[in-house]
Amino acid sequence: MALSRGLRCCQRIFSWIPVIIISCVVLWSYYAYVFELCIVTLSNNLERVTYVLIFHVCFIMFWWTYWKAIFTPPSTPSKKFQLSYTDKERYELEERPDVQKQILADIAKKLPIFTRAQSGAIRFCDRCQVLKPDRCHHCSVCETCVLKMDHHCPWVNNCVGFSNYKFFLLFLSYSMLYCVFVASTVFQYFIKFWVGELPNASAKFHVLFLLFVALMFFVSLMFLFGYHCWLVAKNRSTLEAFSAPVFQNGPDRNGFHLGFSKNLRQVFGENKKLWFVPVFTSEGDGHYFPVRTLCESENPLLANEEKWTEDGGSDEENIGCEMFVSEDENVSSTVTITNES
């Protein structure tokens with residue numbers, strides 16, 4: 001037991017190493033750009049002030065989004081998805097797997113759960129003792145179930161999911177902007193140092209490496225950001241891109257795809273003025289997501305609307321249920337049900 005706790009403690013300490021590395025590189029880039037380039041190297045005051053002001057805007061937005069991605073806790077399933085004492089006892093005492101599956105299926109009828117395991121059973125987490133909401137997965141690193149889990153990112157030492165996916169995307173975009181600005185403004189002085197027009201040895205070292213590091217990070221971030229833009233456009237998570245979510249009618253990679261505009265609003269919200277600000281604006285509560293092809297007769301939420309609204313102590317205020325069917329490659333809304341608890 002003590003050994004296990006010691007290993008977990010070491011794991012938590014070492015998990016911060018990537019974050020420390022990124023922080024050290026960014027802090028060094030701040031010193032190299034502001035002091036070695038702008039203060040020591042530049043002679044034009046207007047150029048110096050302009051570069052410093054724009055640099056600080058990029059630097060603050062990068063740091064803000066990075067810290068939000070790191071320190072925003074992953075959202076976990078609410079109490080509604082936990083087994084009651086009676087259901088838990090009945091499930092644990094039952095030894096027949098088929099009957100256990102049926103117990104979970106009966107409980108899930110009260111909840112807005114439409115995805116299934118590969119076997120067709122209701123997705124259940126034995127560690128967290130919860131019925132998994134759609135798009136929810138258990139993270140072995142965070143040791144908890146995470147709503148709309150995308151992946152566990154070592155560079156932010158956090159799970160990227162419903163609560164911080166917008167912050168993660170903004171972190172990638174402002175990181176690229178930061179790298180582009182640094183590389184574009186440093187390039188001419190990189191050439192001057194390279195051909196010997198500027199003799200300062202200390203500034204030369206910092207400027208040369210500043211351009212190299214900025215370009216290296218930009219190339220790596222460009223591919224990652226492009227991949228996540230594609231995921232947002234398709235309304236998929238990284239996990240769903242590798243393994244299609246399973247519905248009652250079988251696997252469907254486009255099960256949550258509602259069209260580019262609606263997919264974008266699910267992540268960034270309705271208010272476009274806040275899209276590029278690291279404040280939470282994503283739609284919903286992470287427990288329910290509109291499904292593209294779902295018939296009313298197959299909707300357990302509609303069939304058990306009274307049961308879903310009877311339970312007390314919920315943290316959710318609104319559960320919105322929108323159904324969509326695809327016709328000639330166009331997604332059209334067929335019915336909207338709103339339950340308020």
Side-chain angles (χ1 to χ4, degrees), residues 16-42 47-72 150-158 160 164-195 198 202-234 236-238 241 264 267-268 275-278:
W16 284 101
I17 291 179
V19 175
I20 294 173
I21 292 174
I22 293 294
S23 299
C24 290
V25 171
V26 173
L27 291 175
W28 165 79
S29 70
Y30 182 92
Y31 167 79
Y33 192 92
V34 174
F35 290 94
E36 296 294 345
L37 177 67
C38 294
I39 295 178
V40 176
T41 305
L42 296 183
E47 186 179 22
R48 178 183 296 164
V49 171
T50 303
Y51 280 9
V52 169
L53 288 177
I54 299 176
F55 173 83
H56 276 89
V57 172
C58 297
F59 180 82
I60 290 172
M61 294 307 296
F62 161 80
W63 208 248
W64 188 7
T65 54
Y66 187 46
W67 244 235
K68 290 285 284 186
I70 293 173
F71 293 109
T72 301
D150 187 88
H151 69 289
H152 185 92
C153 180
W155 299 109
V156 299
N157 191 28
N158 197 4
V160 178
N164 63 350
Y165 189 58
K166 176 189 173 182
F167 305 146
F168 179 74
L169 291 175
L170 291 180
F171 156 63
L172 294 180
S173 60
Y174 283 118
S175 298
M176 292 177 59
L177 180 64
Y178 182 79
C179 292
V180 168
F181 175 76
V182 169
S184 60
T185 53
V186 163
F187 182 73
Q188 59 176 316
Y189 298 98
F190 170 85
I191 298 297
K192 290 180 180 180
F193 276 122
W194 189 265
V195 298
L198 298 173
S202 175
K204 178 180 180 179
F205 169 81
H206 287 285
V207 169
L208 292 178
F209 275 89
L210 198 58
L211 179 65
F212 172 75
V213 172
L215 291 176
M216 180 183 67
F217 273 90
F218 173 76
V219 172
S220 59
L221 288 168
M222 179 179 63
F223 290 104
L224 182 60
F225 180 70
Y227 175 69
H228 279 279
C229 287
W230 176 79
L231 290 177
V232 172
K234 295 292 185 179
R236 299 177 190 170
S237 66
T238 299
L264 198 64
V267 177
F268 293 97
W275 280 11
F276 300 101
V277 181

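Residue numbers run from 1 in the order of the sequence given. In what follows, every heavy atom counts, from backbone to side chain, and hydrogens, waters and symmetry copies are set aside.
The two residues V156 and V160 have their closest heavy-atom pair at CG2-CG2, 4.5 Å. Of all non-hydrogen atoms in W64 and V277, the two that sit nearest each other are CH2-CG1, 4.0 Å. Of all the heavy atoms in P18 and P154, the pair that sits closest is CB-O, 3.4 Å. Of all heavy-atom pairs spanning N164 and A69, the tightest one is ND2-O, 3.3 Å. Taking all atoms of both residues into account, the shortest heavy-atom contact from V267 to K166 is O-CB, 3.9 Å. Closest of all the heavy-atom pairs between M176 and L221 is CG-CB, 3.7 Å.
For D150 (side chain) and T238 (main-chain N/O), a donor-acceptor pair under 3.5 Å exists by modelled atom type. The backbone N or O of A241 lies less than 3.5 Å from no partner atom in the side chain of R236, so there is not a single donor-acceptor pair. Looking only at distances, no side-chain donor or acceptor of T41 sits under 3.5 Å from a matching main-chain atom of C38.
Between L53 atom CG and C58 atom SG the span is 11.0 Å, to the nearest 0.5 Å. Interatomic distance, CG of L27 versus CD1 of I20, reported as 11.5 Å (0.5 Å rounding). Rounding to the nearest 0.5 Å places OH of Y31 at 12.0 Å from CG of L210. Annotation: the span from I60 atom CD1 to T65 atom OG1 amounts to 11.5 Å, rounded to 0.5 Å. Residue F225 holds its CZ atom at 7.0 Å from CG of L169, rounded to the nearest 0.5 Å.
Proximity of S175 to L172: side-chain heavy atoms (C-beta onward) are nowhere separated by under 4.5 Å. Using a 4.5 Å heavy-atom threshold, the side chains of M61 and P278 count as touching. With a 4.5 Å cut-off on side-chain heavy atoms, W28 and H206 count as touching.
More than 12 heavy atoms of other residues, nucleotides or ligands sit less than 6.0 Å from atom OH of Y227.
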Report the C-alpha separation of S29 and F209 in whole Å, then their side-chain angles, then the decisive distance to 0.1 Å, and conclude whether the side chain to side chain contact (heavy atoms under 4.5 Å, CB included) test is met.
CA-CA 9 Å; S29 70; F209 275 89; over 6 Å; no
Go through V25 and F217 one step at a time and tell me if the side chain to side chain contact (heavy atoms under 4.5 Å, CB included) criterion holds.
CA-CA 11 Å; V25 171; F217 273 90; 4.2 Å; yes
Do F71 and N158 pass the side chain to side chain contact (heavy atoms under 4.5 Å, CB included) test, and can you show the C-alpha distance, the side-chain angles, and the key distance before you say yes or no?
CA-CA 8 Å; F71 293 109; N158 197 4; over 6 Å; no
Side chain to side chain contact (heavy atoms under 4.5 Å, CB included) between I22 and Y66, worked out
CA-CA 10 Å; I22 293 294; Y66 187 46; 3.6 Å; yes
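Taking the centre of each ring, F193 and Y189 stay at or above the 6.0 Å mark. Two rings, from F55 and Y51, have their centers 6.0 Å or more apart.
Using modelled atom types, one finds a donor on one side chain and an acceptor on the other under 3.5 Å when comparing Y165 with H228.
Taking the six-membered ring where the residue is Trp, F181 and Y33 present tilted rings, their angle falling between 30° and 60°. Ring pair F190/F187 is parallel by interplanar angle, where below 30° counts as parallel and above 60° as perpendicular.
Among F167, Y174, Y178, Y30, the single residue meeting the ring-ring contact (aromatic ring centres under 6.0 Å, His included) criterion with F62 is Y178.
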